[in-house]
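These notes are about the structure you will find just below.
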Amino acid sequence: MRRLQLLRDVLGAGEDHPTVRELVDLLGGTPATTDERLVDEPAHVSRRLSFASGGEVVLHDGAVVAVLLHVRPTPFARTGIDLRHWIGLAGRRATLDGLSKAVDARPRFGGRYAYFERDGGFVRCIFDGRWREPGNLVELAVTLDQPGRACQPDDDTCSVCGGLPVRGAASDGLVVDATIAALQRRRDDGLLTETYSPAPLADLRLLHRSGLMERVESQLECSACRRISALTLHREGPATFVHVMYDEARRRPMEAIPPVEQWGDASRIAAAEEAMRYLDHRPGSWFLARDPDGDLYLESRYVRSSMVDGSCLVRLDAAEVEGYETGGAEYLDDLARRIDGSRPWSQDSPFGRRNLHLDRGAADLVAEFTTAVRDHRWVAEQRQAAHRRTLSVKD
């Protein structure tokens, strides 16, 4: 347990701190490999020291942010580390229950990790298979950042998105066109997805050049580490690039995108004319759109609890289309109420089973719908802003 305490004590300490030097000596003294790179923009320095013992130390700008203990062989370690020397457990035979007893904390779960919170840090573990069965433990790590809520430091070297953004030869900031091209290649190869991107990657440059937005951002999710790469072009100032997790990505400031006629070139405007189109909405309740084939799509808000709400996107079936053609917006009001009462976030709900937001194969369709209704949202926001300015002048 003395060594487990040491793992927690090194977090936040500089490379020359006595506790860090002690840890490095215990892991083998001289790293087998070292990876150093700039991460994000504005950039910080990520340094990863990998030891033949199976341990790794990750530093950001010279301070320790994570220590990893691999219990299985790795490219830099022929055998896994022996956890008996660190937490008194039998290496890869350890189960989640055994780890819970060793660190004296109850397990929690975030993303692909099980973890324990202790003394201002987190003990994180990865299993290959059932975590209750011996032999499935792959890795144990101690980190400063909460798994599932914050990017994990060892993801700096992710094989898919770890090389982004693209920088110039002098490392003086990112190269926008090259970064966009790299994102597009990974997206086209299925390695990144932009389902919930505030602005489609293909529109990023056009929107920026229009000068209509203070900041315009594209977000793409990594299929390997699940981080989201956010590339932001600013009206004033250099481009920025960050890796964030889903919750943080949704909290980032997002401006509504103006109608395509105000910023698109001829080909982009022509493409928009052939795309899904906004038809109607009820403020705070639902949006309706039609695709080029005539199919109708309804996105309806629902309330899951006093703290959580969401939206359900469905393609209207024949009976619902007939109901809309007969009853108009009042029929959709009733349909939205039925969707809300059906628990549409669950596959047990007939609407949940149709909810395109829950269908990963419908990502392109969801993106089309989002594009169709956002123009109307932008116009509404501009009108509201103008109304507020008028009231301010009267006051």
Side-chain angles (χ1 to χ4, degrees), residues 1-39 43-96 98-105 113-128 135-147 150-158 162:
M1 294 302 290
R2 162 74 179 83
R3 290 190 178 184
L4 177 59
Q5 184 61 49
L6 176 65
L7 294 177
R8 296 198 293 264
D9 288 345
V10 300
L11 295 178
E15 192 169 356
D16 293 331
H17 193 279
T19 57
V20 178
R21 291 202 301 268
E22 179 183 357
L23 174 64
V24 168
D25 289 341
L26 289 171
L27 291 175
T30 302
T33 63
T34 299
D35 181 280
E36 184 170 315
R37 64 181 66 199
L38 295 176
V39 175
H44 63 266
V45 178
S46 175
R47 193 157 176 255
R48 184 167 182 165
L49 311 178
S50 304
F51 298 87
S53 62
E56 292 188 284
V57 179
V58 183
L59 304 99
H60 283 177
D61 290 337
V64 176
V65 290
V67 181
L68 287 71
L69 304 178
H70 298 274
V71 299
R72 294 183 179 181
T74 70
F76 55 83
R78 287 183 296 177
T79 61
I81 205 162
D82 191 343
L83 286 185
R84 289 176 298 179
H85 301 318
W86 295 89
I87 57 175
L89 292 176
R92 71 187 67 175
R93 302 290 298 171
T95 64
L96 188 63
L99 291 172
S100 178
K101 294 176 182 178
V103 302
D104 191 25
Y113 303 109
Y115 67 94
F116 311 89
E117 186 171 1
R118 282 297 306 269
D119 304 330
F122 300 90
V123 179
R124 187 195 80 194
C125 45
I126 297 178
F127 290 86
D128 180 17
N136 292 328
L137 181 63
V138 176
E139 169 194 301
L140 190 74
V142 178
T143 74
L144 274 175
D145 300 308
Q146 183 177 357
C151 294
Q152 295 299 288
D154 42 315
D155 286 334
D156 291 345
T157 55
C158 174

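Quick caveat: nothing in here was measured; it's all calculated off a predicted structure.
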Give the minimum heavy-atom separation between [X] and [Y], together with the two atoms involved.
X    : Y    : value
A32  : A52  : CB-N, 4.0 Å
A105 : R118 : CB-CD, 4.0 Å
V20  : A13  : CG2-CB, 3.7 Å
G12  : A63  : O-CB, 3.9 Å
L96  : F127 : N-CZ, 3.6 Å

When rounded to the nearest 0.5 angstrom, what distance separates [atom1] in [X] from [atom2] in [Y]?
X    : Y   : atom1 : atom2 : value
L68  : I81 : CG    : CD1   : 10.0 Å
T30  : D25 : OG1   : CG    : 9.0 Å
L59  : E36 : CG    : CD    : 9.5 Å
E56  : L69 : CD    : CG    : 9.5 Å
D128 : R72 : CG    : CZ    : 5.0 Å
L23  : F51 : CG    : CZ    : 7.0 Å

Quick check: do [X] and [Y] have side-chain heavy atoms less than 4.5 Å from each other?
X   : Y   : answer
I87 : L7  : no
V10 : H17 : no
L49 : E15 : yes

N/O donor to acceptor pairs below 3.5 angstrom from side-chain atoms of residues 138-146, sequence neighbours left out:
{"unit_1": "E139", "atom_1": "OE2", "unit_2": "R124", "atom_2": "NH2", "d": "2.4"}
{"unit_1": "T143", "atom_1": "OG1", "unit_2": "D145", "atom_2": "O", "d": "2.8"}
{"unit_1": "Q146", "atom_1": "NE2", "unit_2": "Y115", "atom_2": "OH", "d": "2.9"}

* Non-neighbouring partners of T157 that pass side chain to side chain donor-acceptor pair (under 3.5 Å), sequence neighbours left out ->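 Residues passing side chain to side chain donor-acceptor pair (under 3.5 Å) with T157: R48.
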
* **Contacts of H44 that satisfy ring-ring contact (aromatic ring centres under 6.0 Å, His included) - sequence neighbours left out** =>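 H44 satisfies ring-ring contact (aromatic ring centres under 6.0 Å, His included) with H60 once adjacent residues are dropped.
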
* To do: Decide side chain to side chain contact (heavy atoms under 4.5 Å, CB included) for L4 and W86; before the verdict, give the C-alpha distance in whole Å, the side-chain angles of both, and the deciding distance to 0.1 Å.
  => CA-CA 6 Å; L4 177 59; W86 295 89; over 6 Å; no

* Counting distance only, does the side-chain N/O of R3 pair as donor-acceptor with the main-chain N or O of L26 below 3.5 Å? ->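 Between the backbone of L26 and the side chain of R3 there is no qualifying donor-acceptor contact (under 3.5 Å).
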
* Asked: Would you find a donor on one side and an acceptor on the other, under 3.5 Å apart, between the side chain of D61 and the backbone of V45?
  ->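 A pair under 3.5 Å: yes.
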
